[in-house]
Amino acid sequence: MKLLILHGPNLNLLGTREPEIYGSMTLEDINQKLIELGKELGAEVKCLQSNHEGALIDALHDARMWANGVVFNPGGYTHTSVALRDAIAAIGIPVIEVHLSNVYAREDFRHTSLISAVCKGKVLGLGWRSYTLGLRALVETLEDAGSNRKQS
Ligand code: DQA
C-alpha cells in the first residue's frame, strides 16, 4: 500500500508558527512519525509540502498514478479553493482531510471547508495526532475496500 501525505501552505513553518495553536513539532518531526507509523501498518508513506495551489493540484493528479490514498492538510486553501476540491473529486482515490487545530473553535472563515464534501472523512483539532489518526483511518478504509473486493 502506498500513501501520500500532503501538506499545504505555511505548514513548512510548523514548530515556530503560532505554536500555541499548531504545537511545537516541526513538519519534519510529523513526517518522521508518519513514515514510522506507515511501516508499522504495512504502508509506504511519501510526504510532500507546498505553498502553491497549483503544485498541490499537480501532486494530487500525480498521486492517482501511484498512491492508494492521500492524507491532506490543505492549510488556508481549505477555506477558499474550488480548484483543490475539483482535483480531489477527479482523482478517484480516497482523501482524508486533516487539520491540527479545531477550526470550528476559531474564526468564522475557518468554519467552511470547500473540500470536506469530496473527502472520505476528516480529523481535526488533535494536533499532530490528527495526522496519525487520519493515516490509521486511511489504511483501515483501504484494507476494508480490499477485503470487500476479494469477497465479491
Ligand atoms: C490548518 C487550519 C487552517 O485554517 C489554517 O489556515 C492552516 C492550518 C490546521 O491544520 O489547523 O494553515 O489547516
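In each ligand, atom 1 is the first atom listed, and ligand 1 is the first ligand listed.
Annotation for Ala89 and Val118: closest pair CB-CG1, 4.0 Å, computed over non-hydrogen atoms. Here the closest heavy-atom approach between residue Arg110 and residue His79 is recorded as O-CE1, 3.3 Å. Considering every non-hydrogen atom in both Leu135 and Gly38, the closest pair reads CD2-N, 4.0 Å.
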Which pairs of donor and acceptor atoms, one on a side chain in residues 58-71, lie under 3.5 Å apart (sequence neighbours left out)?
from  : atom 1 : to    : atom 2 : distance (Å)
Arg64 : NH1    : His61 : O      : 3.1
Asn68 : OD1    : Lys2  : N      : 2.7

As a test of reading the model: which N/O atoms of the protein lie under 3.5 Å from N/O atoms of ligand 1, and at what distance?
from     : atom 1 : to     : atom 2 : distance (Å)
ligand 1 : 4 (O)  : His79  : NE2    : 2.7
ligand 1 : 4 (O)  : Arg110 : NH1    : 2.8
ligand 1 : 6 (O)  : Gly76  : N      : 3.1
ligand 1 : 6 (O)  : Arg110 : NH1    : 3.1
ligand 1 : 10 (O) : Asn73  : ND2    : 2.9
ligand 1 : 10 (O) : Leu100 : N      : 2.8
ligand 1 : 11 (O) : Leu100 : N      : 3.3
ligand 1 : 11 (O) : Ser101 : N      : 2.8
ligand 1 : 11 (O) : Ser101 : OG     : 2.6
ligand 1 : 12 (O) : Arg17  : NH1    : 3.2
ligand 1 : 12 (O) : Arg17  : NH2    : 3.0
ligand 1 : 13 (O) : Asn73  : OD1    : 2.8
ligand 1 : 13 (O) : His99  : ND1    : 2.8

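Applying the ring pair (Phe, Tyr, Trp, His ring centres under 6.0 Å) rule to Phe72 yields no partners; only residues at least two apart in sequence or on another chain are considered. With sequence neighbours excluded, the residues forming a side-chain hydrogen bond (donor to acceptor under 3.5 Å, both in side chains) with Gln32 are Glu28, listed by chain and number.
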